[in-house]
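Okay, structure first, notes after.
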Amino acid sequence: MDRRHFLRVTALAGLGVAVGGREAAALKQIDCSDDGANYACKRIAEHEGFLRDMDQMLAEKGVNDPAERQALLAAATCPVCGLPLMPSATGGF
């Protein structure tokens, strides 16, 4: 690639950003409302429900140590989507 081609491509890319630039929807943070109309909000609410049910089941089964219950819940995955039920420290959900 020569210098002229590089400058032409770079200038066109800059023009595209200036003309068509808009907010990146993939990186948009949303606040979940009570109606839960957003798919992600529904999935989070579903995961929270699974965690509550599992915590109650562990308590009924005699797992009384809070640290042990927390470790078991942290390792749990969603039976529907297969993702971890609790967010990880790396941000994966």
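Along the sequence shown, residues carry numbers from 1.
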Roughly how far apart are N64 CG and L58 CG, rounded to 0.5 Å?
-> 10.0 Å

Measuring from M57:CE to L72:CG, what's the distance to the nearest 0.5 Å?
-> 8.5 Å

Close side-chain approach of H47 to C81, heavy-atom, < 4.5 Å = yes

L85 vs M54 side-chain heavy atoms within contact, under 4.5 Å = yes

How about L83 and T77: do any of their side-chain heavy atoms sit closer than 4.5 Å?
-> no

Distance-minimising heavy-atom pair for R69 and D55 = NE-OD1, 2.8 Å

Hey, could you give me the CG/CD distance between L51 and E46, rounded to the nearest 0.5 Å?
-> 11.0 Å

